[in-house]
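Numbered from 1 within each chain, the chains take letters A, B, ... in sequence-line order.
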Amino acid sequence: MSEQRLLTEKQLESFKVIANLGLQNATKALADMVNLKIVSENPVTNIIPFGQIPSLVGGEEEDAVGVYLQISGDISGHIMLLWDYAAALNLVDLLMENPSGTTTSMDDMAQSALKEVGNMVGSFFLNAMADFTGLKCTPSPPALVIDMMGSILNTLSAQVAMEGNQSLVIDTTFTEGSHSVLGNFMLIPSSSSTSTILARLESGAL
Amino acid sequence: MSQMKSVGLGEWFVTADPVMTIAAIGLGSCVGVAAYDPVAKLAGMIHIVLPDSGGNADGDSKTKFADQGLPVLFDSMYKQGAKKERLVVKICGGAQMLSHVGVSMSFNIGERNVEAVKKILKEMGLVIRGEQVGGVAGRTLKLYVNTGRITVRTVGSEEKDL
C-alpha cells in the first residue's frame, strides 16, 4: 500500500497537545452544565481510515442520538456528539435536575437540551483550539438526529471519505463517577484544515 | 448455526456458504446492494460510500465508489458461476440523515449515491427487483445465503422483506 502518511509522529504529538487542551475545555463545559465531575476517558487523536470511524464508538445497531455541528472559518470540519438512547435520556434528566428515569422519550425539550450540550461542548473545544493556534473558527447551529448509531456514523464517514481515505480524528468518551457514560465526542478537521493547523504550528508563530 | 459477515464502508463480499448471512449494518447515506443467484445459490453484497471516483481511485479504496465498486462485485459473482439474467438485485440506503435538520452541507450524498447506483446497474444490464432508498432513516440490509431472503430494518421497527 502506497497510501501517504498524513502526519509524522512528531506532528501527531502536536495535534495531541491541541486535542487535550480542547477536550479539557469541553469536559469542563459539560461538567458545569450537569454539576458533576466529568472525565474524558480513552481519548484518541490519530489518523483513522474512514471505514473505521463507526467502530470507534461501537453499538452500530443500537438506537442512538447524535448532535452534529459543522465547523467553518480558518478551520473547517465536523463535530459529532453521540449517545446511545438510554444515555441520552439519562443526560437530559441530569441537565433538567430530574430524578433519573423521569425522561422517557426524546421530546422537543429533551432535544433542545442535547443540542445545547452539543453547542457548548463544541464551542468550548473550538475556543481552546482557536486560542492556541490563533486560527478562527465557529460551529454551525446544532443539528440533532435520532437513528441507529451505525447509520449516524455511516453518514459522517461518507462525508469524511469525500475528503480522502483517512483523516485526523479526535474522539473521547465523557464519563461520570462509576463510569456512567455521558456521551461520545468526535471532532474531524478537514484535511486542508489539518495542513493549515500544521503550517501554523511549524511556522514557529506559537 | 448461522454466521454473520458484516460488510463495512467500501467493502464487498461474495459467498455460496449457506450458513452465512451477509449484512450492511447501519446504512446512512451509503447504499447497500445485495445480489443473489437462486440457481448457483451465490450471494454478494457491496457497501457503496460515494457516487463517483472521477477516475482517481486505485487499490483497496476503489470499491467505496459506485462506478468502480459495482463492476468489482458483479465480475466476481459472474466468475463464481452467477448468471446476469438470474440475479435478484435489491438496494437500500441513501438516506439524507442530517440535511433535513437544516445543516447546509453536502450531506445529500445519499441521493447522489442512489442515482449513481441505479444508473450503473442499468448500464450493466441488471434489473433492480426491490428497493428502499432515500428518506431520512438509517437502515440495515441483510442477505440470508441459504434462502436468498433479503431484508431491511430501520430504527425502532422489525426486519422486513425487501
Side-chain angles (χ1 to χ4, degrees), chain A residues 1-4 48-55 57-72 76-80 82 84-85 105-106 111 115 118 139-166 190, chain B residues 4 6-11 23-32 47-54 56-65 92-110 112-113 135-142 153-157 159:
Chain A
M1 294 299 294
S2 61
E3 192 84 62
Q4 199 185 336
I48 310 265
F50 69 90
Q52 285 175 21
I53 290 173
S55 61
V57 184
E60 289 175 284
E61 280 216 277
E62 302 297 319
D63 292 5
V65 181
V67 169
Y68 173 81
L69 304 111
Q70 186 175 12
I71 309 167
S72 60
S76 59
H78 317 281
I79 291 176
M80 184 75 90
L82 292 154
D84 70 45
Y85 200 80
S105 73
M106 289 300 301
Q111 294 194 21
K115 280 186 193 173
S140 68
L144 184 138
V145 57
I146 303 168
D147 211 300
M148 274 184 255
M149 184 69 88
S151 299
I152 299 171
L153 286 166
N154 180 277
T155 304
L156 179 68
S157 305
Q159 186 68 32
V160 172
M162 285 181 80
E163 295 158 9
N165 285 328
Q166 46 183 3
S190 66
Chain B
M4 174 89 86
S6 173
V7 180
L9 290 120
E11 295 177 353
I25 296 163
L27 293 162
S29 61
C30 293
V31 172
H47 186 149
I48 298 291
V49 184
L50 294 170
D52 186 11
S53 63
N56 288 327
D58 53 17
D60 285 351
S61 67
K62 73 178 189 179
T63 53
K64 73 178 177 181
F65 298 106
C92 91
Q96 288 185 258
M97 298 195 59
L98 287 164
S99 59
H100 68 290
V101 271
V103 175
S104 61
M105 66 180 311
S106 43
F107 268 116
N108 67 349
I109 299 171
R112 288 164 49 211
N113 277 339
V136 295
R139 304 172 172 98
T140 288
L141 174 70
K142 281 188 187 166
R153 188 181 85 83
T154 52
V155 75
S157 72
E159 183 178 358

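Between B:S61 and A:N165, the shortest heavy-atom distance links the atoms CB-ND2, 3.1 Å. Among all heavy-atom pairs drawn from A:S151 and B:R139, the shortest one is OG-N, 3.6 Å.
Interface remark: A:F50 contributes backbone and side-chain atoms alike to the contact with chain B (heavy atom separation under 4.5 Å). For chain A, no part of B:S6 is nearby; none of its heavy atoms comes within less than 4.5 Å. Neither the backbone nor the side chain of A:P49 comes within contact range of chain B; no heavy atom of the residue lies under 4.5 Å from a heavy atom of that chain. For A:I152, the parts lying under 4.5 angstrom from a heavy atom of chain B are both the backbone and the side chain.
Atoms CE and CE, from A:M148 and B:M97 in turn, are 8.0 Å apart once rounded to the nearest 0.5 Å. The distance from the CG atom of A:N154 to the CD1 atom of B:I25 is 11.0 Å, given to the nearest 0.5 Å.
Taking the side chain as every heavy atom from C-beta outward, B:L9 and A:P54 approach each other to under 4.5 Å.
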